[in-house]
Amino acid sequence: MQRDFLQRDIKRINDEYEDIIKKLEGILQLEKNYYLAIKANAKETVDFKIKEILDDIPVEELNRNKSGIRIKALKDNGIDNLGQLSQYSSFMISAIRGISEDAMYTIRRELENIKKQAATGIKINLSLDHKDSLSTKVLISVAQYKYIRSTSENAKTLLEKYKRNIKYDLEDLKIANVNSFKWLLTGKNKQMKALEAYKRLSGNEYNELKEESKNLLVRTKRIIDINERIAWDDFAKKSVQYNGILEKVVPELFGTNDTFYGLPKDLAVEINDQCFFPKGLKCELRAYQEWGVKYALHQKRVLLGDEMGLGKTVQAIATMVSLKNTEESHFIVVCPASVLSNWCREIKKHSLLRVVKIHGSGRNEALRSWLKNGGVAVTTYETTGYINLDDDFKFSMLIVDEAHYIKNESAKRTQNVLKLCDHADRLLFMTGTALENKVDEMTALINILQPDVAASIKNMKSISSAPAFRNKIAPVYYRRKREDVLKDLPEKNETEEWCSMNQEEKNKYETAVCNHQFMEARRVSWNVDNIFNSSKARRLKELVEEAESDGRKIIVFSYFRETIAKVMELLGDRCTNPINGSISLIRRQQILDEFEKAGAGKVLPAQIQAGGTGLNIQTASVVIICEPQLKPSIENQAISRAYRMGQSRDVFVYRLLCEKSIDEKLVKVLQDKQILFDNFADKSVAAKESLEVSDVKFGQLINEEIERIKKEKGMVES
């Protein structure tokens with residue numbers, strides 16, 4: 001190959017590759033720029049909110065600490081509130097007649113203290129229901145950063161693969177860019193290296209770099225062009241990703257004052273140092289979720305009791321992924337049959353872990369496959385009785401979902417799960433309802449995990465022992481509440497919709513009460529012959545129509561299948577098929593898929609026992625509950641189907657209630673029953689669940705209703 005031919009091409013080749021490298025490095029810089037843009041836009045939003053707060057604070061507040069500031073001098077200059085004052089520079093303040101330089105510094109100090117106090121409660125809360133120019137700026141920068149990260153990662157990979165070799169080839173090629181005399185004096189070895197470098201640079205050696213860099217630049221152009229509509233549409237589908245990015249970039253706007261996430265300091269320090277290996281996890285964890293994973297890894301035998309909607313399933317999956325990355329191979333998940341398919345879907349969706357469903361007629365073959373090849377065996381409580389393992393067989397982790405199912409040690413399913421526990425190196429129990437009826441049930445679960453801890457709390461049952469109780473069980477039981485860790489959740493608005501009964505409803509209700517027909521009494525208003533004469537049904541229809549006009553979808557919950565049937569009759573084609581305990585898991589998922597694809601105004605009717613667990617329905621933002629439940633946890637679980645991480649709109653919860661009925665008494669008694677468990681549960685240590693209204697207590701309420709009705713009718717002396 002002639003040297004003069006090389007010389008003509010050298011500048012073009014050099015410019016071409018330097019341009020490619022420069023553009024790829026520019027993509028890396030673009031990621032940094034968008035990261036900084038998020039910070040800047042978030043600060044602008046916070047500053048605006050602080051200014052709004054300061055606008056409402058009179059300038060006299062500067063003298064709260066008796067600083068001796070001449071407020072009149074400020075007011076004479078047109079400064080009536082701290083918002084106006086915040087717009088003044090130090091020079092402008094000291095230029096005010098009557099304000100000395102020393103007073104200026106005092107004013108600045110007091111103003112800054114007040115601004116810090118105002119900033120304490122400020123958070124960024126992206127919601128489709130609260131769009132404004134500032135939140136849109138934040139959102140667009142997050143969207144750009146979100147998409148540039150994968151592009152930047154690809155650019156980084158290309159640079160790591162090719163940049164060094166290209167640099168060496170271009171250096172070798174330089175020797176050919178000399179006059180003929182110097183070329184002749186160049187050694188044969190260098191001449192050969194120059195010729196070889198030319199072949200690589202002008203041939204196919206770097207084709208991947210050229211093609212991929214072009215694709216990345218096209219993608220980068222699309223990212224730069226992201227606008228308001230694109231960003232908000234994407235947020236509606238992927239709000240978890242957006243809020244996760246914000247939490248990492250501006251954690252001060254998402255964190256809590258509790259830097260130890262509710263754990264004792266010494267334990268928290270150990271948890272913080274725990275290694276977590278996420279390779280193979282296909283989703284990003286929120287900060288509190290990663291903390292939960294580290295807790296499970298470090299403590300080895302734990303009960304995770306996070307409130308509904310905080311992603312216990314994802315934390316469990318991430319724990320298995322981390323263990324898989326440390327050469328662990330076999331895992332088992334035990335769950336209720338109603339969520340068996342959901343667990344399999346979630347594991348596949350969020351990880352690269354192998355999933356084996358051990359259930360039904362093929363359970364024995366599936367078990368053999370799992371024993372041989374490993375992965376995650378997902379099975380039901382009922383199927384655990386068919387899983388027999390060799391005495392010396394050990395597997396990495398047993399995850400027990402809805403672990404309160406095994407609180408009764410004499411139950412067969414408890415005994416079957418305990419047999420599996422003997423083969424597991426680690427245990428992760430999960431439940432949002434660890435305290436159902438008494439603290440003893442919590443102790444029973446802890447006793448399986450860490451008997452020593454259970455023994456230390458055996459006699460702790462009074463409210464006065466609650467703080468000690470929480471500290472004692474912190475090494476084994478961990479619970480976070482939504483309001484403590486999900487600062488980005490949209491608003492939840494709960495409303496009691498009190499309806500006045502008409503005469504037909506009243507007659508039906510009073511007959512049921514006086515005949516001690518408990519269930520019929522609970523169906524007050526829904527048990528009329530003509531559903532269109534029901535006051536609750538009438539209000540339900542109004543709420544559905546209002547939700548449709550606001551572009552929302554609705555879930556309607558009731559304990560009674562008869563009530564669900566009435567809802568179907570009332571709303572007709574607005575409804576999907578109902579979800580109840582009799583439909584198969586496959587059919588239930590089909591109904592959910594239909595609901596997710598439907599437009600505004602679509603209604604998903606569900607029996608609260610069947611629809612209140614194992615479902616994620618963030619596509620709905622209106623929840624209507626047809627009657628009070630006998631256990632608050634049932635309502636809380638149902639609401640959490642929609643009000644959970646991933647919800648991008650404000651959630652409206654409506655409870656349909658009838659005046660002068662058992663509804664009034666149920667609402668009151670259930671509120672009262674929260675007190676004990678508030679004390680044991682709130683501080684991230686015991687589940688916040690209240691006592692169920694027993695048959696005896698319900699009977700007492702019915703008797704009170706009978707007396708009220710008789711009194712109203714003049715049948716008893718007042």
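Predicted model only: the values in this text are computed from it and were never measured.
Using a cutoff of 4.0 Å between basic side-chain nitrogens and carboxylate oxygens, Lys115 and Asp47 are not scored as salt-bridged. The pair Asp233-Lys237 does not count as a salt bridge, with every side-chain nitrogen at least 4.0 angstrom from each carboxylate oxygen. We find that Glu284 and Arg149 are joined by a salt bridge, their nearest charged nitrogen and carboxylate oxygen being less than 4.0 Å apart. Between Asp306 and Arg479 there is no salt bridge, since no side-chain nitrogen of the basic residue lies less than 4.0 Å from a carboxylate oxygen of the acidic one. Using a cut-off of 4.0 Å between Lys/Arg side-chain N and Asp/Glu carboxylate O, Glu61 and Arg64 are scored as salt-bridged. Using a 4.0 Å cut-off between a side-chain N of Lys or Arg and a carboxylate O of Asp or Glu, Lys146 and Asp234 qualify as a salt bridge. The existence of a salt bridge linking Asp225 and Lys221 is confirmed by a sub-4.0 Å separation between a basic side-chain nitrogen and an acidic carboxylate oxygen. The existence of a salt bridge linking Lys348 and Glu346 is excluded, since no basic side-chain nitrogen approaches an acidic carboxylate oxygen closer than 4.0 Å.
Inter-residue side-chain proximity for Thr319 and Ser322 is flagged as unmet; no heavy-atom pair is nearer than 4.5 Å.
Ring geometry, Phe652 versus Tyr654: the interplanar angle falls under 30°, so the pair is classed parallel (tilted spans 30 to 60°).
The distance between the ring centers of Tyr288 and Trp291 does not fall below 6.0 angstrom.
Residue Val378 is tested with Ile399, Ile332, Val334, Val355 for a side-chain contact (heavy atoms from CB on, under 4.5 Å); the sole match is Val355.
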Test Glu25 against Lys23 for salt bridge (charged side-chain N to carboxylate O under 4.0 Å, His left out), laying out the working first.
CA-CA 5 Å; Glu25 290 176 338; Lys23 285 176 177 175; over 6 Å; no
